[in-house]
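Below is one structure, written out as structure tokens, with a few remarks after it.
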Amino acid sequence: MNGIERARNDVCWCGSGQKYKKCHLECDEHIALLREQGAVVPPHYLMKTEEQIAGIRAASQFTRYVLDMVEQRIVPGVTTEDINQWVHEYTVSRGAYPAPLNYRGFPKSVCTSVNEQVCHGIPDAYVLEEGDIINVDVTTLVGGYYGDASRTFLIGECRQEAETIARVARECMELGIAQVKPFAHVGDVGAAIEAHANAHGFSVVREYGGHGIGSEFHDHFYLPHYGEAGRGAVLLPNMVFTVEPMINAGAWQCRLLANRWTAVTVDGRLSAQWEHTVRVTMEGVEILSA
Ligand code: MF3
Ligand code: CO
Ligand code: CO
């Protein structure tokens with residue numbers, strides 16, 4: 001039975017403890033209407049319960065503390081394998097699991113993507129030098145739920161383009177997140193990101209996007225970071241997903257390294273990325289990994 005068929009005086013499916021008629025009834029009626037009108041509406045099961053959201057929030061908060069730890073220690077001379085060990089030990093010593101490790105065969109506990117690397121960089125003996133930029137992407141499994149976030153760090157003094165792309169990638173993420181609210185379209189998020197990147201002469205990677213997240217690392221929802229306002233699927237209250245734009249200094253196209261994981265820019269120019277896990281609220285958005 002779907003939400004609408006429930007008795008109006010039952011407790012709401014979301015776990016708020018409120019009566020359905022006072023909670024998500026109106027919302028579910030609006031969703032049914034949008035479906036009748038032919039809108040692209042994600043499946044109702046992507047709307048998480050309060051219990052699921054609490055679990056993803058706890059995992060996202062853990063992930064954010066891992067990134068804070070990395071931010072405090074990262075300096076010129078550190079290797080990407082050092083970062084892997086910091087993340088691994090911090091995580092397992094607190095009873096959590098570093099989700100990248102063995103995920104579809106990924107060999108390490110964190111992704112470290114340096115300079116022209118777009119995403120899914122594999123930690124190794126590379127020594128970070130003054131002037132590098134690096135995205136550290138942390139995903140943690142805590143109590144059965146995933147939290148996913150990443151930041152781009154500047155290593156020492158960087159040239160102007162490196163500083164600018166790291167800042168603009170962060171602003172793109174923030175502007176994308178600012179579009180998230182019930183019944184907004186995924187194209188609203190993508191259009192906001194693309195407009196800001198393009199205004200700085202940068203491009204937006206198209207091969208990878210944001211994703212639903214919860215008790216799966218990558219859930220059944222895909223968020224392109226480019227697009228047209230008013231187009232694509234609508235966002236529903238209590239959907240949880242990532243916003244993680246990858247911004248390139250030159251062309252948006254990527255190439256895969258021989259390790260079959262790491263994407264790099266086709267032209268060898270810089271790429272930067274920031275990521276948060278977010279939740280659609282009744283009014284707007286909650287950044288779970290903030
Ligand atoms: N954390 C990445 C994301 O944002 C996914 C990494 S998959 C891995 O979706 F296997 F490379 F870790
Ligand atoms: Co992600
Ligand atoms: Co990530």
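Just so you know, ligand 1 is whichever comes first in the structure, and atom 1 is the first atom listed for that ligand. Note: hydrogens, waters and symmetry copies are ignored here, and every other heavy atom, side chains too, is used. For clarity, every value in this text was computed on a predicted model and none was experimentally measured.
- The minimum distance between the Co ion (ligand 3) and any N, O or S atom of Asp148 involves atom OD1.
- The closest approach between a heavy atom of Lys108 and any atom of ligand 1 is not below 4.0 Å.
- In terms of polar-atom proximity, defined here as any N/O pair under 3.5 Å, His120 makes no such contact with ligand 1.
- His30 has its ring centre less than 6.0 Å from the ring centre of Phe183.
- Within ligand 1, counting atoms from 1 as listed, the ones closer than 4.0 Å to a heavy atom of Thr139 are 1 (N).
- With atom 7 (S) of ligand 1 as the reference point, the heavy atom nearest to it among Tyr208, Tyr146, Tyr103 is part of Tyr103.
- In terms of polar-atom proximity, defined here as any N/O pair under 3.5 Å, Asp137 does make such a contact with ligand 1.
- Looking only at N/O/S atoms, Asp137 comes nearest to the Co ion (ligand 3) through OD1.
- The closest approach of Glu275 to the Co ion (ligand 3), by N/O/S atoms, is made by OE1.
- Residue Glu244 places a heavy atom less than 4.0 Å from ligand 1.
- With a 6.0 Å cutoff to the six-membered ring centre and a 45° limit on the axis angle, Arg94 does not count as a cation-pi contact of Phe62.
- Among the atoms of Glu244, no N, O or S atom falls under 2.8 Å of the Co ion (ligand 3).
- Separation of atoms CD1 (Ile122) and CG (Asn259) is listed at 4.0 Å; rounding is to 0.5 Å.
- If you number the atoms of ligand 1 from 1 as listed, the ones under 4.0 Å from a heavy atom of Glu275 come out as 4 (O).
- Cation-pi geometry between Arg151 and Trp274 is not satisfied (NZ or CZ under 6.0 Å from the ring centre, within 45° of the ring normal).
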